[in-house]
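The structure appears below as structure tokens.
Numbering of ligands and ligand atoms starts at 1, following listing order. This chain uses plain numbering: 1 for the first residue, then up along the sequence.
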Amino acid sequence: MSDNSPVRLEKQGDIGVIVVDYPPVNALGPGVSEGIIDALNKGNADPDIRAMVLIGAGRSFIAGADIRGFGTGRKRPPIGSRTYDVLDASAKPVVAAIHGYALGGGLENAMACHYRIAVPSAKVGLPEVQIGILPGGGGTQRLPRLAGPKAALEMITSGRHVPTAEAKQLGIVNEVLPDGADLRAAAIDYARRIADIRPLPRVRDLGVTLDDPGIFDATRKAIARRARNQTAPYRCIEAVEAACTLPFDEGIAREAAFFQELENSAEARALRYAFFAEREVAKLPDLPADVKPHEFHAPAVIGAGTMGGGIAMSFADFGYDVKIMDATEEALNRGMERIRANYATSVKRGSLAQDEMERRLARIHPVTGYDDIKDADVVVEAVFERMDVKKPIFAKLDEVVNPDAFLFSNTSALDMDELAAETKRPDKVAGTHFFSPANVMKLLEVVRPSQASPETLATAMAMGRKIGKISAMAGNTDGFVANRSRAPFNSEMVILLEEGCLPEQVDKVMVDFGYPMGPFAVGDLAGLDIGAEGRKRRAAANPNYRKLPIADKLVELGRYGQKTSAGWYRYEKGDRTPHPDPDVAAIIKKVAAEMGVPQRDFTEQEILRRLLFSSVNEACRIMEEGKVYRASDIDVMWLHGFGFPRYRGGLMYWADGIGVREVYNQIAAWHQQYGERWAPSRLLRELAESGTPFREAKPAPFR
Ligand code: T1G
């Protein structure tokens with residue numbers, strides 16, 4: 001074991017403590033597994049040592065294999081000489097001492113130890129399916145032996161991080177320490193207590209009791225919708241099935257074969273890309289490295305409508321007491337009723353306990369006066385999406401709320417510089433654009449006005465993470481990054497109808513592609529009148545704006561979507577199932593005829609590419625203008641703002657799968673056929689000429 005090994009063996013009397021020290025999360029990076037094996041061999045050879053402890057330095061136990069190593073062809077030790085196998089063969093007992101996270105290969109090493117103890121705040125899990133693979137270190141064989149096949153199936157097909165209290169109930173950990181306990185000391189004490197117990201309790205020697213052989217097919221059915229087009233979730237099920245039907249070593253061999261099959265699959269590569277893109281998006285390269293976000297404790301939300309209510313719930317869900325303000329008691333009561341109803345739905349679905357609902361509701365404090373929020377340290381304005389409504393509110397907030405407070409707006413498109421100019425603290429103003437439903441959607445688009453200070457931007461980004469969001473930085477441009485990149489998609493889907501498609505045809509293509517819902521069904525859910533408002537504003541601002549007569553016609557006829565039981569689809573009373581409507585087909589035909597657009601058939605591929613390529617082109621323009629840091633940030637926004645199928649990596653990553661030149665050539669061809677709306681962006685042309693993938697595109701400096 002060399003001095004700079006990320007693993008060290010420390011002798012504490014008759015106990016050997018194996019410390020894994022590979023920041024930031026002790027992933028099984030280069031030298032870590034070798035170091036653990038070395039330490040184990042040394043401990044077993046040392047006559048003074050009666051037992052060993054495996055523990056992580058810093059903030060966590062082992063968070064799994066080093067994901068950066070996958071797909072690199074890095075050589076892995078064969079079955080029989082991996083850490084899990086050496087632990088199995090250990091002559092002396094090893095106690096895994098868990099804090100922070102024991103995930104993937106981390107939990108697999110812990111399950112190959114003879115005992116596991118943990119602090120109450122730790123989490124354990126096998127999240128490999130979330131990166132398109134399966135546990136490859138014996139997890140699919142050992143977890144069913146410890147927790148039973150049913151619990152193992154649920155944990156492995158979901159990848160869920162399980163709190164230690166539940167892990168204890170499941171038999172995964174032997175002991176949960178009291179709050180504040182010294183983990184290392186407790187582990188050494190525990191090791192002394194079990195040092196002489198023989199035979200050593202090896203998990204591999206445990207049997208598996210399969211009460212219900214039907215659970216495998218039942219699980220396949222249960223995951224069918226969310227796992228469509230994917231392989232890893234099904235291999236996870238087969239591996240656990242093998243644990244219940246084959247001897248341990250044969251099960252291990254089956255697991256290893258599945259792992260080899262999946263490691264470099266397109267699905268796994270895309271999910272790995274998404275994993276790291278979600279970490280990269282938090283980094284703001286042009287801000288001073290030492291800029292620190294301000295802590296906040298007293299958030300306030302202005303506007304108790306759908307968005308305001310959802311934002312207030314997000315704060316309450318993460319433990320913040322939040323004030324929610326509206327102009328009238330009536331509006332406030334309506335807003336609080338909607339919040340209560342949303343929580344009640346979660347309780348009814350079993351995803352929230354009744355007492356937790358009460359706790360969260362108690363954290364939301366409805367108020368009607370600006371004086372009630374003068375001590376707020378963060379204010380999020382979420383009133384009606386009109387500048388003449390928002391401006392006076394910002395002026396009033398600036399007047400009343402403590403001068404150090406940050407003023408954020410949930411606007412989804414309006415000019416943040418114009419709003420900031422209403423205050424004497426433009427440096428403390430930024431956009432914090434939530435996506436509907438705000439308490440569910442994970443994306444928070446942080447919009448950067450020209451005068452916002454680094455502290456304000458860092459605070460807005462951190463605020464998002466503190467309430468469970470993925471924060472992504474966007475420049476101040478019409479529609480910012482997410483909606484602006486999506487806008488051509490929203491137009492193109494309606495233009496396809498002019499040329500002969502039907503809403504259900506387009507929706508089928510996008511659902512088959514992996515979206516949870518088709519874009520026309522989503523339109524009906526959000527309300528077609530909202531879209532019409534946005535189109536009116538854009539047409540007023542830009543005479544060349546491409547009008548959408550078919551969409552306008554539906555709104556003119558009062559077809560607003562689900563809320564009027566008729567939109568692109570028709571709906572039965574009290575039922576959200578979209579039914580194709582011959583009336584809509586007739587309207588489409590009539591308007592297209594009036595527009596004189598020739599009708600034709602479409603391939604599924606053309607429908608898919610017309611929608612997504614239009615956004616890829618716009619995304620390139622956004623990068624050209626320096627309104628985003630990275631192409632991968634746009635992917636994070638599409639994954640968490642628009643439900644883009646995760647196993648496809650994101651919009652730009654998916655386009656790279658087709659190839660920048662092919663994308664460019666197609667767009668250039670449509671430019672000839674359809675005119676200016678398909679004019680290729682300069683950056684797209686340059687990338688195609690140089691053959692540079694989208695994900696390596698260098699956006700202009702942020703401005
Ligand atoms: N490999 C490489 N880097 C990792 C990593 C990993 N497993 N986990 C985290 N990082 C980096 C991350 O990129 C970031 O880097 C920094 O650590 C902090 O992470 C054989 C095959 C542990 C819950 O899937 O879920 O084991 O951006 O910002 O929010 O069966 O990280 O600072 O440069 O996310 O506190 C299974 C993945 C692997 C766990 C902490 N394990 N990690 O969350 O910090 S496959 C996982 C996480 C496997 C075996 C198989 C989270 C976390 P940077 P962070 P966090």
Side-chain angles (χ1 to χ4, degrees), residues 6 20 22-33 36 56 58-72 74 76-79 82-85 87 98-112 121-143 152 155-156 158-163 232 235-236 239-240 252 255-265 268-269 271-285 289 442 461-462 464-471 629-630 632-633 636 646:
V20 178
Y22 189 72
V25 291
N26 295 328
L28 298 166
V32 176
S33 297
I36 294 173
R59 67 179 176 116
S60 186
F61 186 71
I62 300 166
D66 183 349
I67 301 173
R68 292 187 192 286
F70 291 139
T72 61
R74 190 193 288 173
R76 248 184 295 282
I79 292 178
R82 304 172 304 170
T83 52
Y84 327 103
D85 312 310
L87 280 161
I98 301 171
H99 74 299
Y101 297 96
L103 301 174
L107 179 57
E108 290 173 304
N109 273 295
M111 291 193 289
S121 59
K123 295 255 177 70
V124 304
L126 295 176
E128 285 85 345
V129 73
Q130 295 175 2
I131 50 173
I133 53 177
L134 87 174
T140 65
Q141 304 306 302
R142 288 191 175 85
L143 189 60
M155 279 180 66
I156 294 173
S158 69
R160 185 168 64 88
H161 297 181
V162 175
R235 290 290 177 274
C236 288
V240 175
I252 288 287
E255 174 194 274
F258 290 151
F259 189 87
Q260 191 148 17
E261 172 203 353
L262 295 171
E263 181 189 344
N264 221 16
S265 66
R269 279 183 274 123
L271 289 165
R272 283 199 292 270
Y273 166 83
F275 175 86
F276 287 115
E278 285 157 354
R279 270 104 199 130
E280 238 12 63
V281 76
K283 298 169 187 158
L284 314 177
K442 278 186 73 78
M461 293 285 282
R465 289 191 293 274
K466 286 200 163 73
I467 57 175
K469 306 298 180 193
I470 293 188
S471 303
Y629 283 122
R630 292 154 282 242
S632 64
D633 290 6
V636 170
R646 193 179 166 73

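Residues Arg646 and Glu278 are paired through a salt bridge, judged by an N-O separation under 4.0 Å between the basic side chain and the carboxylate.
The shortest N or O to N or O distance between Gly105 and ligand 1 is below 3.5 Å. Distances between N or O atoms of Phe70 and those of ligand 1 include no value under 3.5 Å. The shortest N/O to N/O separation between Gly136 and ligand 1 falls below 3.5 Å. At least one N or O atom of Ala65, backbone or side chain, sits closer than 3.5 Å to an N or O atom of ligand 1.
Contact annotation for Pro24 and ligand 1: only side-chain heavy atoms (C-beta onward) come within less than 4.0 Å of the ligand. Contacts between Ile133 and ligand 1, counted as non-hydrogen atom pairs separated by less than 4.0 Å, involve the side chain only.
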Starting from the C-alpha separation in whole Å, work towards a yes-or-no answer on side chain to side chain contact (heavy atoms under 4.5 Å, CB included) for Val124 and Phe61.
CA-CA 10 Å; Val124 304; Phe61 186 71; over 6 Å; no
Begin with the C-alpha distance, continue with both residues' side-chain angles, and end with the deciding distance and a verdict on side chain to side chain contact (heavy atoms under 4.5 Å, CB included) for Thr83 and Val32.
CA-CA 10 Å; Thr83 52; Val32 176; over 6 Å; no
Test log, rule side chain to side chain contact (heavy atoms under 4.5 Å, CB included), inputs Arg142 and Tyr84:
CA-CA 11 Å; Arg142 288 191 175 85; Tyr84 327 103; 4.0 Å; yes
Determine, stepwise, if the pair Val25 / Tyr101 fulfils side chain to side chain contact (heavy atoms under 4.5 Å, CB included).
CA-CA 8 Å; Val25 291; Tyr101 297 96; 5.7 Å; no
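Nearest protein heavy-atom neighbour of atom 50 (C) of ligand 1: Glu128 OE2, 3.3 Å. Looking only at heavy atoms of the protein, atom 10 (N) of ligand 1 is closest to Val25 CG2, 3.8 Å. In terms of protein heavy atoms, atom 2 (C) of ligand 1 is closest to Asp66 OD1, 3.2 Å. If you check which protein heavy atom lies closest to atom 40 (C) of ligand 1, you get Tyr101 CE1, 3.8 Å. For atom 33 (O) of ligand 1, the nearest non-hydrogen atom of the protein is Lys283 NZ, 3.4 Å. Of all protein heavy atoms, the one closest to atom 35 (O) of ligand 1 is Arg59 NH1, 2.9 Å. In terms of protein heavy atoms, atom 20 (C) of ligand 1 is closest to Glu108 OE1, 3.5 Å. Scanning the protein heavy atoms around atom 31 (O) of ligand 1, the nearest turns out to be Arg279 NH2, 3.9 Å.
Between the side chains of Arg272 and Asn264, at least one donor-acceptor pair of N or O atoms lies under 3.5 Å.
Of the candidates Ser60, Gly104, Ala63, Ala63 brings a heavy atom nearest to atom 46 (C) of ligand 1.
There is no protein heavy atom closer than 4.0 angstrom to atom 29 (O) of ligand 1.
Proximity of a side-chain donor or acceptor of His99 to a complementary backbone N or O of Ser121 within less than 3.5 Å is not detected. Ser60 places no side-chain N or O within 3.5 Å of a backbone atom of Gly100 that could act as its donor or acceptor partner. Side-chain N or O atoms of Glu255 include none that pairs as donor or acceptor with a backbone N or O of Ala239 at under 3.5 Å.
Annotation for ligand 1: atoms under 4.0 Å from non-hydrogen atoms of Pro127 are 24 (O), 41 (N), 46 (C). Near Pro135, with a cut-off below 4.0 Å to any heavy atom, the atoms of ligand 1 are 30 (O). Near Gly64, the atoms of ligand 1 lying under 4.0 angstrom from a non-hydrogen atom of the residue are 26 (O). The distance from ligand 1 to the heavy atoms of Phe276 drops below 4.0 Å at these ligand atoms: 13 (O). The contact set between ligand 1 and Phe259, taken as ligand atoms under 4.0 Å from a residue heavy atom, comprises 21 (C). Every atom of ligand 1 with a heavy atom of Gly137 under 4.0 Å away is listed here by number and element: 30 (O).
For the pair Gly139 and ligand 1, no heavy-atom separation below 4.0 Å is found.
In this structure, Arg269 forms no cation-pi arrangement with Tyr273, as its terminal cationic atom is not both closer than 6.0 Å to the ring centre and no more than 45° off the ring axis.
Nearest heavy-atom pair across Lys442 and Gly468 is NZ-O, 3.2 Å.
Atom CG of Asp633 and atom CD1 of Ile470 lie 11.0 Å apart (nearest 0.5 Å).
Looking at Glu128, Glu263, Glu261 one by one, the single match for salt bridge (Lys or Arg N to Asp or Glu O under 4.0 Å) with Arg235 turns out to be Glu261.
Contact of the Thr140 side chain with the Phe258 side chain is not registered, since no non-hydrogen atoms from C-beta on lie closer than 4.5 Å.
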